[in-house]
Number of protein chains: 2
Amino acid sequence: MREPISADQAERLAPLLKALADPVRLRLVSIVAASEGGEACVCDLNDAFDLSQPTISHHLKVLHDVGLLDRSKRGVWVYYAVRREVLADVATLIGGNA
Amino acid sequence: MREPISADQAERLAPLLKALADPVRLRLVSIVAASEGGEACVCDLNDAFDLSQPTISHHLKVLHDVGLLDRSKRGVWVYYAVRREVLADVATLIGGNA
DNA sequence: CTCGGACATCGACAGTCATCAATATCTACG
DNA sequence: CGTAGATATTGATGACTGTCGATGTCCGAG
């Protein structure tokens, strides 16, 4: 029976959840998080789905825009990495645990 | 570096997150969870927002449909309660903890 | 410099969503 | 029964979303 979250908190948390509230993006985050070194190349991510390359790129942009994924370009390839603290914060706020 | 979630898991988790991915619904869940006895009357929830009664009713329906809120009618009033196990499961899957 | 490949951006389209006003449903009370 | 209040449903509307094909941008190889 803790205090309800504030309207501000809700406004900040909602976009993060919205970004995660898609099967493709959930799997993207999950695959990246499970990858060696905690990061994955877009080329590999493309292969993991039956979707067009622009669509995957779009989903990655959504996740990156809300701060869930870090992006680093190395040569011709782009690598994404999960920002685990952000993910953990979301989980904590949802779970309502201390 | 655990295993990525399956496509099936993603398809099941996404609707729950989608239901939570709205500032109003986040606050609804939070207010209900923080209420005495773990449940809240719709009349009180209506007063907590600057939205029309049908809109609140709609949001409650969304949350109830995905199984995040329990619903019980007592007399003229309807009470909603948070299904904490469901919420906890979501948090766990997001956090990626065991 | 030019070419090819990796990734992003653009424009479009169909589908979904949040919100409201109006209306329906249900329940207690007289 | 008939009325009043609490909640749900309906229908409409403007905004947003996931997806694609086409195109743009950037980098390394030759």
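Keep in mind that this is a model prediction, so the values were computed, not measured. Letters A, B, ... mirror the listed sequences (proteins, then strands); counts begin at 1.
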Mind checking [X] for me? I need base, sugar-phosphate or nothing, with any heavy atom below 4.0 Å counting as a touch.
X: Asp22(A); answer: sugar-phosphate
X: Tyr79(A); answer: nothing
X: Leu51(A); answer: sugar-phosphate
X: Arg25(A); answer: sugar-phosphate

Would you kindly give the [atom1]-to-[atom2] distance between [X] and [N], to the nearest whole Å?
X: Ile56(B); N: dA21(C); atom1: CD1; atom2: P; answer: 13 Å
X: Asn46(B); N: dA6(D); atom1: CG; atom2: P; answer: 10 Å
X: Leu63(A); N: dT17(D); atom1: CG; atom2: P; answer: 13 Å
X: Leu60(A); N: dC7(C); atom1: CG; atom2: P; answer: 10 Å
X: Lys73(A); N: dG28(D); atom1: NZ; atom2: C1'; answer: 11 Å
X: Leu20(A); N: dG18(D); atom1: CG; atom2: P; answer: 12 Å
X: Asp65(B); N: dA8(D); atom1: CG; atom2: P; answer: 11 Å
X: Phe49(B); N: dC20(C); atom1: CZ; atom2: C1'; answer: 17 Å

Does [X] put a side-chain nitrogen or oxygen below 4.0 Å from OP1 or OP2 of [N]?
X: Tyr80(A); N: dC7(C); result: no
X: His59(B); N: dC17(C); result: no
X: His58(A); N: dC10(C); result: no
X: Ser57(A); N: dC7(C); result: no
X: Ser52(B); N: dT19(C); result: no
X: Arg71(B); N: dA8(D); result: yes

Looking at [X] and [Y], what are the two nearest heavy atoms and their distance?
X: Ala19(B); Y: Leu68(B); result: CB-CD1, 4.3 Å
X: Gly67(A); Y: Val86(A); result: O-CG2, 3.7 Å
X: Lys18(A); Y: Arg25(A); result: O-NH2, 3.4 Å

- Item | Along DNA chain C (nearest heavy atom to each residue), the more 5'-positioned of Val24(B) and Cys43(A) |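 Closest to the 5' end, via its nearest nucleotide, is Cys43(A).
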
- Message: Side chain of Gln53(B), heavy atoms from C-beta onward: which of dT19(D), dC7(C), dT7(D) has the nearest atom to it?
- Response: dT7(D)

- Message: Is there a side-chain contact between Phe49(A) and Arg27(A) in this structure, where contact means two heavy atoms from C-beta onward sitting under 4.5 Å apart?
- Response: yes

- Message: For Arg74(A) and Val78(B), find the nucleotide of DNA chain D closest to each by heavy atoms; which residue's nucleotide sits nearer the 5' end?
- Response: Val78(B)

- Message: If we ignore hydrogens and angles and just use 3.5 Å, is the side chain of Arg71(B) paired with the main-chain N or O of Lys61(B) as donor and acceptor?
- Response: no

- Task: Please answer whether the main-chain N or O of Ile5(A) pairs with a side-chain N or O of Ser30(B) as donor and acceptor at a distance below 3.5 Å.
- Result: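 Yes; at least one donor-acceptor contact below 3.5 Å.
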
